[in-house]
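Inspection log for the structure reproduced underneath, given as structure tokens.
Treat the numbers as computed from the prediction; the structure is a model and nothing was measured. For the numbers below, each heavy atom of this structure counts, side chains included, while hydrogens, waters and symmetry mates do not. Lettering of chains follows the sequences in order, A, B, ..., and the numbering in each one begins at 1.
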Amino acid sequence: MTTQLSPQYNPKEVEDKIYRLWEESGVFAPEAHQPRADNPDNLSKPTTHNLQPTTYTIVVPPPNVTGSLHLGHALNAVIQDILIRKKRMQGFQALWLPGTDHAGIATQNVVEKELKKKGTNRYDLKQEGFIEEVWRWKEKYGNIILGQFKKLGSSMDWSRTRFTMDEGYQKAVEEAFRRYYEKGWIYRAERVINWCPRCQTSLADLELEYKEVETKLYYIYYPIKSKEITDAFAKLWAPLPKSASEALFRNKYKFDPDKTKHIRVATTRPETMLGDAAVAVNPKDERYKGFVGEKVMLPIQNREIPIVADDAVEMEFGTGAVKVTPSHDLLDAEIAERHNLPRHTVINAFGKMTKEAGALCEGLKAGECREKVVEELKQNGFLEKEEPYKHNVAVCYRCATAIEPIPSLQWFLKMAELARLAIDAVKSKKVTFHPDRWKKVYLDRLENEKDWTISRQIWWGHRIPVWYHEPKCVPKNGHEDDVVKCQELLISEKEPKCEFCDAKFVQDPDVLDTWFSSALWPFAVMGWPASASAENGSASGGKATAGKPSDLKQFYPTQVLSTARDIISIWVAKMVFSGMFFIGKEPFSDVIIHATILTKEGKRMSKSLGTGVDPMTLIEKYGADALRFGLIWQAMGGQDIRWSEEHVVAGKKFANKVWNAARFVITNLQLTTYNQQQPVAKTPADKEIIEKFEKTKKGVSADIEEYDFGHALNNLYDFFWHEFCDKYIESAKQQLNKEDTAESTQNVLCYILTGSLKLLHPFMPFLTEEIWSHLPAKDKKLLIVEDW
RNA sequence: GGGCGCUUAGCUCAGUGGUAGAGCGACUCGUUUACACCGAGUAGGCCGGGGGUUCGAUACCCUCAGCGCCCACCA
């Protein structure tokens, strides 16, 4: 039977079969394994988590439900799988917990596109109907990526699969919001935020992209206030109606910069001048020493505004004087705050000019208003010149619409103390980065953390659990105290009831930023908050959608978070402070920042540019083990990878080499039983291969412990191919023919093969498990749970 | 503008204070009973430029150049 092995390894015949075997035998669940108290790793390398030294946990960074697996995901999954498989073989109760993220804006956009194809839109469906539609979409397409993880061989415990919007998770989010609120860290305020007029939502800084745009820089005269100017302005821009003489004046008047004291400002967005609150100059700027404190008259608006001094102004740019529009520019908003300037909101959420913009422009789109304003300024000589100008404009990362900064009522989370928690966890080495240099990126960012805008004006996501009492309460018993009480907002998942009247409560229409829920991932997936109070009961039971009750106690904190570097501040830091704040323990001790996979030209892979590579195609072509090999082979030292398919080819060849070496050993094995103890060396070749194997085993184990997967694989490859196959097997052919060494050689062959298969298993699990199944041994376990 | 990283064989990348390595590719030879997805060989590199430390530098320091990524976003 063993002689029927084909001379070529065929992954297609093996992979699905083996994966089914693993799934059906339940080995992915940590409960399937008895913890080994004598595990050498437990004794020699106690983790900081002494409560459960026999568990080893990784929670997968949840991919977006809209996503399909790309090479970055694949690399990340393989890294985690290697760690989990090794620890499982070493006798740990290894848990790798899978799940997906609801990905607010991304998912909403995908479903909106689908709707558009059907000739409808979300407004037709209304909020409830749309959300139902998204759920339907999610049920249909949301688990594709999890299936792709399986194809890769990921040994995740599928019974614990979670989703950031499943039933239990909703509770976690509400609980988190409530606790922050009670702490006084959540507040609502009007702030200038990045607003996408198309998506009708606020965007975080990290959700912006920048596009270079050719535009114009307009130089405008703002005259210093004087009797003459105020008189002129009164005739030019006094409120309607204008008299005939004023109209005449208006037609005739030209501003003369040589005769009138003025300050010049440069702007790319003249329409926003309608909302100007000041002109700012740098306090060090000699040119404007005498100007600070003076008043200028704002053309068109006929409004007096001050000249202020602020460090944020660059002297070199434009004229060195900047118009300050607190409502429509983030930097200006900051300047306005420092100088206590009023806000004039002239652009609304739809990108149209408001009433406050004045009669000239009200109702126009911002772009139309610009032309109008420029024309108006030209008419009376207030526009000095326009220059062509290239600069970066912030656009929405989903729809590429230009961002309109506008003031808007948003929910915020105070970050001062939370950022401190996240900083301390890393500085005190409770959380360690690998490679170490990413620590700096993390800390630098946190030191400058601003309050977090947690509300988003979209429909798909966790609804903000705040309810407003509307209309005003008319208490049944008429006590004033009660009015005050029931006007407070309430934090609740479900609609609350007023104790004092029959009025309805209205829930805040916004949803939370997706990262608000992602931040809770490491413990929310373990059943928090319900599990936080649960006894350490039986490990089974409990619905998957709520997390198993004892998981938090047993598997938190986790050991490793492996992720890409671009979400260090947006996600990793948030998980750390969430874990510290809600649970009192860091969510993971080691953060692996894996290599970023670039194109061969060293550019970012991008689906839209067609430079992405689909891992599924590679699996189809070369097999999952070959892909895993190719990924890890290239991921050396945490450096970025310029993707090269050659190494997947090398992986395929190596798989075939291992397959054939095993075929040779198996066909030459007359032994029906063997133990896995180190055999006695009878020849120099025996001695050498055994020594080299022991060295390789040590090296590979150590490399994996240090997350140096590329080196581990290189060593293994080198040992197996060049030492075992090229040298020892060749010697063995002779030794097998000699009576006195025949049996001992079989023992050595068997020992090295089985040992190598174990070391290789975390890297190439399908191949090695398949070979293992052909070994002629009794009482064999599955390789996945064999002793390392 | 700030930060980080990279620059070694044709390509993708390791590496070490003391005469340069792997995989793939190229070339030569080999149909020896695991594997031609193989074996035995060969060629190919002033280790980005310049300076310094050192008996000695690809490696350590400085500097320049090119490339890449992240952060900021200058009206």
How many whole angstroms separate atom [atom1] of [X] from atom [atom2] of [N]?
X      : N     : atom1 : atom2 : answer
A:D311 : B:C74 : CG    : C1'   : 15 Å
A:I570 : B:A72 : CD1   : P     : 10 Å
A:E449 : B:A72 : CD    : C1'   : 14 Å
A:D444 : B:C69 : CG    : P     : 20 Å
A:E447 : B:G3  : CD    : C1'   : 15 Å
A:L446 : B:C71 : CG    : P     : 14 Å
A:N282 : B:C74 : CG    : C1'   : 12 Å
A:F433 : B:C4  : CZ    : P     : 16 Å

TODO: Measure across A:T319 and A:V265 and return the closest heavy-atom pair with its distance rounded to 0.1 Å.
DONE: OG1-CA, 3.7 Å
Open item on the list: Between A:Y9 and A:W659, is the ring centroid distance below 6.0 Å?
Closed with: yes
Open item on the list: Between A:Y717 and A:F629 (judged by ring centroids, cut-off 6.0 Å), do the two rings come close enough to count as a pair?
Closed with: yes
Quantified in whole Å, what is the [atom1] atom distance between nucleotide [N] and nucleotide [M]?
N     : M     : atom1 : answer
B:C13 : B:C6  : C1'   : 12 Å
B:A59 : B:C46 : P     : 16 Å
B:A20 : B:C74 : C1'   : 49 Å
B:G17 : B:C61 : C1'   : 14 Å
B:G45 : B:C64 : P     : 31 Å
B:G10 : B:A26 : C1'   : 9 Å
B:A72 : B:C55 : C1'   : 49 Å
B:G15 : B:C35 : C1'   : 31 Å

Open item on the list: Walk me through whether A:D686 and A:Y728 qualify under side-chain hydrogen bond (donor to acceptor under 3.5 Å, both in side chains).
Closed with: CA-CA 8 Å; A:D686 291 349; A:Y728 187 73; 2.5 Å; yes
Using purine N1 to pyrimidine N3 plus N6-O4 or O6-N4 for Watson-Crick, or N1-O2 and O6-N3 for G-U wobble, both under 3.5 Å, which nucleotide pairs with [N]?
N     : result
B:A75 : none
B:G39 : B:C29
B:A20 : none
B:C4  : B:G68

- [ ] Assign each of A:T267 and A:D718 to its nearest nucleotide of RNA chain B by heavy atoms, then name whichever residue's nucleotide is nearer the 5' end.
- [x] A:D718
Task: Contact nearer the 5' end of RNA chain B, comparing A:Y717 with A:K323 - done: A:Y717
Task: Positive for side-chain contact (heavy atoms from CB on, under 4.5 Å) with A:L757, one of A:L767, A:I752, A:V658 - done: A:V658
TODO: Among A:D718, A:L749, A:T696, find the residue that satisfies the side-chain contact (heavy atoms from CB on, under 4.5 Å) test when tested with A:F724.
DONE: A:L749
TODO: Starting at the 5' end of nucleotides 5-16 of chain B, put B wherever the base has a protein heavy atom under 4.0 Å, S where only the sugar-phosphate does, and a dash everywhere else.
DONE: SS----BBSSS-
Task: Under 4.0 Å protein heavy-atom contacts per nucleotide of nucleotides 33-39 of chain B, with B for base, S for backbone only and - for none - done: -BB-BSS
- [ ] Report yes or no: do A:T272 and A:K323 form a side-chain donor-acceptor pair below 3.5 Å?
- [x] yes
Open item on the list: Are there over 12 heavy-atom neighbours, none belonging to A:K385, within less than 6.0 Å of that residue's NZ?
Closed with: yes
Task: Below 4.0 Å: OP1/OP2 of B:A75 and any side-chain N or O of A:Y389 - done: yes
TODO: Could you tell me the separation between the CZ atom of A:R642 and the OG1 atom of A:T596, rounded to the nearest 0.5 Å?
DONE: 13.5 Å
TODO: Would you indicate whether the side-chain heavy atoms of A:L330 and A:N194 approach each other to under 4.5 Å?
DONE: yes
TODO: Taking the side chain as every heavy atom from C-beta outward, state whether A:I641 and A:L71 have any atom pair closer than 4.5 Å.
DONE: no
